[in-house]
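Data first, discussion second: the structure below is written as C-alpha cells.
All values below come from the heavy atoms of this structure, side chains included, with hydrogens, waters and symmetry mates left out. Not measured: the values here are computed from a predicted model. Per chain, numbering begins at 1; letters A, B, ... match sequence-line order.
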Amino acid sequence: MSHEEFPTDRPAVVTCGLPYANGDLHIGHLRTYVGGDVYARALRTLGQETAFVSGSDMHGTPVAVNAEEAGVSPETFALEWHETYAETFPKFGVEFDNYGHTHDTTNVELTSEIVRTLDENGHVYEKEIMVAYDPAEEQSLPDRYVEGTCPYCGERARGDECDEGCGRHLEPGEIEDPQSTITGNPAEYREQTHKFFRVSAFQDYLAEFIDRLEGTANAKNQPREWIEGELRDWCITRDMDWGIDYPDGEEPSDESDLVLYVWVDAPIEYAASTKQYSERVGADVFDWEEAWKGSADESGGEVVHVIGRDIIQHHTVFWPAMLRGADYVEPRAVMASGFITLNGQGFSTSRNRAVWADEYLDEGFHPDLLRYYLATNGGFQQDVDFSWERFRERVNNELVGTVGNFAYRALLFAHREFDGTPDADLSTEVRERIEDAIDEFTAAVNDYSVRAAGDAAVSLASFGNEYIQQNEPWNLVDEDPERAAQVLRDCVQVAKAVSVLFAPVAPGTADRLWSQVGGEGSVHDVTVDAALEPPAPDFGEPDELYEKIPAERVEELNAKLEARVAEAERDEEGDADADDDAETDTTLEPVEADRIGFEEFQDLDMRVGEILEAEGIEGADDLARLVVDIGVEERQIVAGIKQLHDLDSLPGTRVVVLANLESAELFGVESNGMVLAAGEEADLLTTLADADPGERVR
RNA sequence: AGCGGGAUGGGAUAGCCAGGAGAUUCCGCCGGGCUCAUAACCCGGAGAUCGGUAGUUCAAAUCUACCUCCCGCUACCA
C-alpha cells in the first residue's frame, strides 16, 4: 500500500464485509455493498486498476445451529443463502469481480496456508482451557451451543456473549452453569487444548498501523481503545465439525477435530476471492499476489475494506495482525458505514420492520434510485434514515428534476435543432466547470467519501440547468444561431461529463445517458478524461432517464409496511397468549406496548427497605402508615396494604421501595415513597437473600 | 463504566481533519421569471447568535477543556 493519491500505479482491492449466510438481505445490508461498489467503480473511473471482491461467510455456530433446526447439513444451508446473495447483488448493480464463499477450496487452502505460516512464524501457541461438553451426547459445545450464567453479571447468557446482561464477550470456558442448547442437558467442563493467536505480540505494530490507516473516522478511532490498552490473545479454534480444519501439518488424528474460528477464515476470503479473480482473468490482467503480498513499504496493492461499523475491530485489530504475521500487505483504508434506520427507528427483522432487498425490487423501482439514496443521503459513516417519503422526494427532485431533466432537455434540444452535437468549440467557462467537477470527484475518492463522489455529478447537472436557463438557447436559435450552437455544444458536453461522473452511483442510468450522447461502448470502460472529450456529432432522440414517483405510491408503501409490522406483532402476541392461557385463568393486563429506555428505568430510584413500624390509619379502609428504613434514612410511607390485616407481623420485613416518588398527603398523613406490591392482594415484594436496606434495585 | 460517532434555519443534511468574506444542498414557506424540458427548470426573499460554558486566536461551526442530550461499540448484528 502507499499513501499516494488515487489513482496510483499499484493494483487496488476493494472488499465488502462478507454477508453471513444466515438470512435475507435488507437495505441496511445493501448500504455497505452499494457503498463498496460505488467506491470500486469510482476508483476505476479515476483510472485505478481495481478488483472488487467479496464472498459469503459460511462457517460458525449460528449456521450450524440453524441448519440443524432446519434439518439440513450446514453446507446445504449456507450454500442456499450464498446463492441467494450471489443472485441479489447484481440486481442492485453491485457487481463483484469475484464473489466466492469461505467454504470453497480456494479459501480453505489459502486459510490453511496462512494459519500454517502464522504457526511457523511463532505466532500461535497451545493452551489448555475448559470447554463445555455434553456427557450424554458425547459432544463438545462451542460458542452458542451452550448457554448458562454470565460470570460477570449473573445474567442468563449465550456461550460466546452475555447477550442480555452486561454485553461482554465470553471466552470459551467462562460461562457458569453451562447447559446444552441442543438437548438442554447440563453440560460439564472438560479440559481441552486450543490454539491461540498471539495478538498481544502485535501491539506495537498495530499502534503504528492505526496511525497510518485511512478511511472513515470511526474505523480509525474506535480500535484505539483496544490497541492502546492491553490486547488479549485470541482463541482461534473451536471444537466442532463445521468449519475449516486446523492445519496441523500432521496426519489428521482422531483426538483433534478442531476447526478454525469463523473470524479467522472469513477475512482471508478477501484474498482468496481476489485469487479466484486472478486465476479467472489471468495474472497479467490482475495479479492477486502483487496486490496482497508485497512488503508494506516497497510494493503491494491498495487494500480498501468496506464494512459495517459493527465489525470495525476485526478489520483493524485481528485482521491486520494476521496479515502482518503471515507476511501479507496491510490494509490502506477501512470504510465503516453507519446503519440504516426506518422512519427514525432501528430495523427489526423479528418484527418485520425492514425494507427487504427483494421487496424493493418487486415494487419495480430501478436499483439506481436506491443506490443514489443510500450513497448520498448522508456521510458514509453516518447513520441514515430511510423513509419512502424521503425516497420519493429525492428521486423526484434530484434525479428527475435535476439530473434527468437537464440531460433530457439539453439532448432533446440538441437533437432537434442540430441532429446531435453542434459544431462549435467547448467554451472556457464550461470546460472549467467540468474540470472542477472532476477535481471534486477525485478529492471525494481520496477522502473516502461516497457521498461527495455522487454529489459531484448532481451539482454538475444542476449547473447545466442554470446554464441552459440563463442562455435561453430556444430564443437564440432564431436570433443568433451561432451562439445557440455554442450553448448547446456546452450543454451536451456537460451531459456527457455527468454520465461519466454519475456512473459509479447510478451505473444503469448513467450508461443509458452515455449512449444518448453517442458514447461508444460502456461508460464503465472509460475514465474521467472522457468527460472532456468531444461528444459524438450525431445522436438520436433521447428518452427520459428517471420517472417521478407519485405520492400515492408512498402511501401504499407505508401502508404495506405498517400492515406487515402489525401482523408480526399480532403473531408475537398470539404466541405469548397461547403460552399464558395454559398456565393461568385470571385475566392479566397485557404488557405495555410502549417500551421504555434503560435511561428511563434508571430514573426510578428503588431501594431495599426494612419495615420498622406499621399501623392502620384511622378512618381509611385500606391505608397503613409505615416507617421504613431505607439505609440512608427512615421514611414514613403510606401504603394501601390493609388487606394484609396482619400489620403487626410486618416490622422486620424486607420490602422494595420506590424512593424518589414525589411526596403526597393521604388522609392527612405525609407519604414519602411507595412500597411495591403485586396484584389486588397487595402481595409485598421482598428480597430473597442478603441485600441490605438502602441497596439499590437494578 | 470505558470508548467511538453525532447535535448546524421548521424538517433533513454539508462544511470541521488542513480556522478567514454573504455557512452548503434538498424539502417546506413567500414573491418573480421562463416555456427547450417529466406541472419539470431558473432568479430573488424570509428563516440558524452552528447543543451549552469557558478558553486559545487579529479571526472559531471548525482548535482546546469541561458539561448536557442522542445513537452505537465493548471481541459474532451491515
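The side chain of A:Ile468 has B:C36 as its nearest neighbour among B:G5, B:C36, B:C73. Of the candidate nucleotides B:U38, B:A12, B:A78, B:U38 has the atom nearest to the side chain of A:Glu544. Here the side chain of A:Asn221 is nearest to one of B:A75, B:G4, B:C42, namely B:G4. Checking B:A78, B:U38, B:C42 against the side-chain heavy atoms of A:Val400 singles out B:U38 as nearest. In the set B:U74, B:G11, B:G72, the nucleotide with an atom closest to the side chain of A:Glu393 is B:G11.
Here A:His314 reaches the OP1 or OP2 of B:C76: one of its side-chain N or O atoms lies under 4.0 Å away. Residue A:Tyr408 has a polar side-chain atom (N or O) positioned under 4.0 Å from OP1 or OP2 of B:U38.
Mapping A:Arg309 and A:Pro19 onto RNA chain B by nearest heavy atom places A:Arg309 at the nucleotide closer to the 5' end. Comparing A:Pro223 and A:Gly404 by the nucleotide of RNA chain B whose heavy atom lies nearest to each, the residue mapping closer to the 5' end is A:Pro223.
Going from the P atom of B:C16 to that of B:G51 covers 15 Å, rounded to whole Å. When the P atom is used for both B:G28 and B:C73, the distance is 35 Å, rounded to whole Å. Remark: the separation of the C1' atoms in B:U8 and B:A14 is 9 Å, to the nearest Å. For the C1' atoms, the distance linking B:C58 with B:A21 amounts to 15 Å, nearest Å. Taking the C1' atoms as reference points, B:C29 lies 24 Å from B:U38, given to the whole Å. Distance check on atom P: B:U24 versus B:C50 gives 15 Å, rounded to whole Å. Using atom C1' as the reference point in both B:G52 and B:A61, the two lie 14 Å apart (nearest Å). Distance check on atom P: B:A78 versus B:U13 gives 24 Å, rounded to whole Å.
Taking atom CG on A:Asp383 and atom P on B:A7, their separation rounds to 12 Å, with Å as the unit. Here the P atom of nucleotide B:A37 and the NZ atom of A:Lys548 are 16 Å apart, to the nearest Å. Rounded to whole Å, the distance from CD on A:Gln470 to C1' on B:G44 is 13 Å. Taking atom CD1 of residue A:Ile312 and atom C1' of nucleotide B:G5, one finds them 9 Å apart after rounding to whole Å. Taking atom CZ of A:Phe202 as the reference point, atom P of B:A75 lies 22 Å away to the nearest angstrom. Put simply, CG on A:Asp24 is 13 Å from P on B:A78, counting in whole angstrom units. Spacing between atom CG of A:Asn396 and atom C1' of B:A12 amounts to 16 Å, rounded to whole angstrom units. Here the P atom of nucleotide B:U38 and the CZ atom of A:Phe413 are 13 Å apart, to the nearest Å.
B:A48: no Watson-Crick or G-U partner with both key distances under 3.5 Å is found in any strand. Nucleotide B:A14: unpaired (no Watson-Crick or G-U wobble partner with both distances less than 3.5 Å). Across every strand in view, B:A37 sits unpaired, with no contact that passes the Watson-Crick or G-U test at under 3.5 angstrom. Pair assignment for B:C76 gives none, since no Watson-Crick or G-U wobble pairing has each distance under 3.5 Å. Nucleotide B:A7 forms a Watson-Crick or G-U wobble pair with B:U68, both donor-acceptor distances falling under 3.5 Å. Taking a pair to require two hydrogen-bonding distances under 3.5 Å in either a Watson-Crick or a G-U wobble arrangement, B:A21 remains unpaired. Within the shown strands, nothing qualifies as a pairing partner of B:G28 under the Watson-Crick or G-U definition with both distances less than 3.5 Å. Here B:A60 sits opposite no nucleotide as a Watson-Crick or G-U wobble pair (both hydrogen-bonding atom distances under 3.5 Å).
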Protein-nucleotides 14-24 of chain B N/O pairs closer than 3.5 Å?
residue, atom, partner, partner atom, Å
B:A14, OP1, A:Gly379, N, 2.7

Nucleotides 28-35 of chain B: which of its N/O atoms have a protein N/O under 3.5 Å away?
residue, atom, partner, partner atom, Å
B:G33, N2, A:Gln469, NE2, 3.0

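Atom CD of A:Glu482 has 12 or fewer neighbouring heavy atoms from other residues, nucleotides or ligands inside a 6.0 Å radius.
In this structure a side-chain-to-backbone donor-acceptor pair under 3.5 Å is present from A:Thr237 to A:Lys195. Panel note: side chain A:Asp368, backbone A:Gly508; a donor-acceptor pair is recorded below 3.5 Å. Checked by atom type and distance alone, the side chain of A:Arg392 never pairs as donor or acceptor with a backbone atom of A:Lys548 at under 3.5 Å. A donor-acceptor pair under 3.5 Å is absent between the side-chain atoms of A:Gln382 and the main chain of A:Gly379, judged by distance alone.
Taking the ring centroids of A:Tyr546 and A:His366, they lie at or beyond the 6.0 Å cut-off.
Rounded to the nearest 0.5 angstrom, A:His101 NE2 and A:Asp265 CG are separated by 12.0 Å. Residue A:Glu269 holds its CD atom at 8.0 Å from OG of A:Ser56, rounded to the nearest 0.5 Å.
Within the nucleic acid shown, A:Tyr33 has no heavy atom closer than 4.0 Å to any nucleic acid atom. Nucleic acid contact for A:Gln381: sugar-phosphate only, since backbone atoms but no base atoms lie under 4.0 Å from a heavy atom of the residue. A:Val317 comes within contact range of no nucleotide atom at all, as no heavy-atom separation falls under 4.0 Å. Within 4.0 Å of A:Tyr546, counting heavy atoms only, lies at least one base atom of the nucleic acid. Using a 4.0 Å heavy-atom distance criterion, A:Glu225 is classed as a base contact. Within the nucleic acid shown, A:Asn405 comes within 4.0 Å of at least one base atom, counting heavy atoms only. Note on A:Leu545: a base of the nucleic acid sits closer than 4.0 angstrom, heavy atoms only. Residue contacts for A:Arg416: at a heavy-atom cut-off of 4.0 Å it reaches the sugar-phosphate backbone alone, with no base atom in range. Using a 4.0 Å heavy-atom cutoff across all strands shown, A:Ile311 reaches sugar-phosphate atoms only and no base atom.
With respect to A:Tyr39, the ring-ring contact (aromatic ring centres under 6.0 Å, His included) criterion is satisfied by exactly one of A:Tyr448, A:Tyr33, A:Phe52: A:Tyr448.
Taking all atoms of both residues into account, the shortest heavy-atom contact from A:Trp242 to A:Ala78 is CZ2-CB, 4.5 Å. Minimum heavy-atom separation, A:Pro331 to A:Leu213: O-CD1, 3.9 Å. Of all the heavy atoms in A:Ala414 and A:Phe539, the pair that sits closest is CB-CZ, 4.0 Å.
Applying the side-chain contact (heavy atoms from CB on, under 4.5 Å) rule to A:Asp455 yields the partners A:Thr376, A:Arg451; only residues at least two apart in sequence or on another chain are considered.
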Checklist entry - Going through the distances and angles, do A:Asp385 and A:Arg390 end up as a side chain to side chain contact (heavy atoms under 4.5 Å, CB included)? => result CA-CA 9 Å; A:Asp385 186 51; A:Arg390 180 83 180 131; over 6 Å; no

